[in-house]
Every structure is written in structure tokens, then in C-alpha cells.
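Working notes, beginning with the structure itself.
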Amino acid sequence: DAGITQSPRHKVTETGTPVTLRCHQTENHRYMYWYRQDPGHGLRLIHYSYGVKDTDKGEVSDGYSVSRSKTEDFLLTLESATSSQTSVYFCAISGRQGSTDTQYFGPGTRLTVL
Amino acid sequence: EDQVTQSPEALRLQEGESSSLNCSYTVSGLRGLFWYRQDPGKGPEFLFTLYSAGEEKEKERLKATLTKKESFLHITAPKPEDSATYLCAVSPTVNDMRFGAGTRLTVKP
């Protein structure tokens with residue numbers, strides 16, 4: 001277990017409402033990531049952070065913003081949720097296992113936008 | 001464009017029936033190729049990282065191999081508990097991971 005929690009685990013919301021998902025890590029890792037997973041598309045990177053207040057866009061960043069005010073917390077905000085943002089969202093942190101670099105994933109948040 | 005393709009999409013095996021999953025990729029540069037296992041309703045679980053052609057890694061009944069254009073995940077004498085979706089990802093640059101859509105493996109007792 002990589003010490004990553006996500007909240008909420010499930011959320012149903014309506015089109016046009018703002019939504020914030022939280023990722024919390026206990027590993028003190030510098031790098032954190034947000035992905036979305038959709039059938040047939042695999043995991044796609046939304047945004048990532050390389051330190052407190054340092055973030056950058058990923059492959060599918062439109063409609064999403066992020067913030068990182070503390071090392072342990074990385075927030076993903078949907079400014080005005082749309083049905084196309086219905087998905088499972090995963091947070092990840094980067095780390096090393098022996099001499100191997102990899103990313104470790106949280107349990108996911110299932111978001112449904114009606 | 002960086003792309004990762006996994007095949008087959010789904011694979012059904014009898015317990016003990018060995019097989020291989022394929023991950024083919026086209027990337028501008030390869031920092032690493034990753035294999036993950038994902039169980040329903042859970043996050044991906046790290047299995048292996050491969051860095052260069054010819055490299056092999058093993059863990060229990062799983063062995064991952066890498067060539068310049070593809071990777072294979074060999075499953076020897078699988079058991080029902082090996083049933084899961086197996087994900088392949090490549091990292092062409094730092095902080096960029098491109099995932100395939102996965103292979104859903106079912107092992108029948």
C-alpha cells in the first residue's frame with residue numbers, strides 16, 4: 001500500500017456544478033498526478049504537480065484545474081462539471097522500488113455527472 | 001504520436017494454460033515500460049519496469065520481456081487469482097506516462 005487516499009470514493013453530481021476531488025499521501029513524495037480512466041481509452045493524464053504550488057498540464061486538462069498548497073494534498077477541481085467528465089479518477093505518486101522508478105496509484109474516485 | 005496498443009482486449013484461459021499478453025508501442029523515446037495489474041474497483045498495482053530491449057523481469061507466474069517495439073507479459077500455469085486487467089504503459093519523457101487500454105484476463109478453474 002503506497003499510502004495514498006482519495007476522497008470522496010463515489011460522487012454523483014449535476015451538470016454545471018463545481019466538484020473537487022482530494023488526494024492525500026503520507027509518503028512525502030514530490031510528484032503527484034491526476035488521471036482519468038474510461039473504457040477503451042486507458043488511463044489519461046489530466047494534470048501533475050512537481051512540488052507545492054508547482055503544477056503542469058497533462059494530455060486531457062481542458063475543464064480541470066488543480067492546486068497543491070501542501071506536499072501531502074493534491075486537489076482536482078472540475079469548474080463546471082459536464083457529462084463527458086463522468087469517469088473514474090485516480091491519483092498517483094511517483095516513487096522508487098529498489099532501483100526502479102514507477103508510479104503508485106490510489107483507490108480511485110468514481111464520479112457521475114447527470 | 002506516442003501510442004500504446006495492447007492485445008488481445010480479453011483473454012480467457014483454463015487454469016494451468018500458459019499464454020502471453022502483448023503491448024506494442026510507438027514513442028519518440030523510451031525512458032521505461034511499465035506493467036500494472038488492476039482488479040475491479042481498485043487502482044492499478046505496480047508489477048514491473050523494463051528499461052531496455054532484451055531486459056526480462058519475473059515475479060511468481062509472470063515474466064515480462066521487452067524488445068524495441070513491444071513487450072510481452074508471459075503467464076505460466078495461471079491460477080484463478082491471476083484474473084485481472086493487465087495494463088501496459090510507456091514513459092517517453094519525465095512525468096509523461098501513456099497507457100494502453102488493457103487486457104482483461106479471466107482464468108477458469
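In what follows, every chain begins at residue 1, and chains take the letters A, B, ... in the order their sequences are listed. Heavy atoms only: backbone and side chains are in, while hydrogens, waters and symmetry mates are out. Keep in mind that what you see is a predicted model, and the values were worked out from it rather than measured.
Most heavy-atom pairs under 4.5 Å with chain A, from the set B:Arg31, B:Glu9, B:Lys42, B:Gln38: that is B:Gln38. Comparing A:Arg110, A:Gln6, A:Arg9, A:Glu59 by heavy-atom pairs within less than 4.5 Å of chain B, the highest count is held by A:Glu59.
Around atom CZ of B:Arg104, no more than 12 heavy atoms belonging to other residues, nucleotides or ligands sit under 6.0 Å away. Annotation for B:Arg12: atom CZ does not count as buried by contact number, only 12 or fewer foreign heavy atoms lying within 6.0 Å. Heavy-atom contacts from other residues, nucleotides or ligands closer than 6.0 Å to CD of A:Glu79 number more than 12.
In this structure, B:Phe72 is not a member of the same hydrophobic cluster as B:Leu33, with clusters built from ILVMFWY side-chain heavy atoms closer than 4.5 Å. Hydrophobic cluster membership is shared by B:Leu30 and B:Leu50, with clusters built from Ile, Leu, Val, Met, Phe, Trp and Tyr side chains linked at under 4.5 angstrom. One hydrophobic cluster, built from ILVMFWY side chains closer than 4.5 Å, holds both B:Phe46 and A:Phe105. Hydrophobic clustering, with ILVMFWY side chains joined whenever heavy atoms are under 4.5 angstrom apart, keeps A:Leu75 apart from A:Val19. A:Val60 is connected to A:Leu76 through a chain of hydrophobic side-chain contacts under 4.5 Å among Ile, Leu, Val, Met, Phe, Trp and Tyr, so both are in one cluster.
Of the possible donor and acceptor atoms, one in the side chain of B:Tyr36 sits under 3.5 Å from a partner among the backbone N and O of A:Gln103.
Using a 4.5 Å heavy-atom cut-off against chain B, the contacting residues of residues 44-58 of chain A are A:Leu45, A:Tyr48.
Aromatic pair B:Phe99/A:Tyr35: centroids less than 6.0 angstrom apart.
Nearest heavy atoms, A:Phe90 versus B:Gly43: CE2-CA, 3.3 Å.
Here the CG atom belonging to A:Leu43 is positioned 9.0 Å from the CE atom belonging to B:Met97, to the nearest 0.5 angstrom.
Neither the backbone nor the side chain of B:Gln6 comes within less than 4.5 Å of any heavy atom in chain A.
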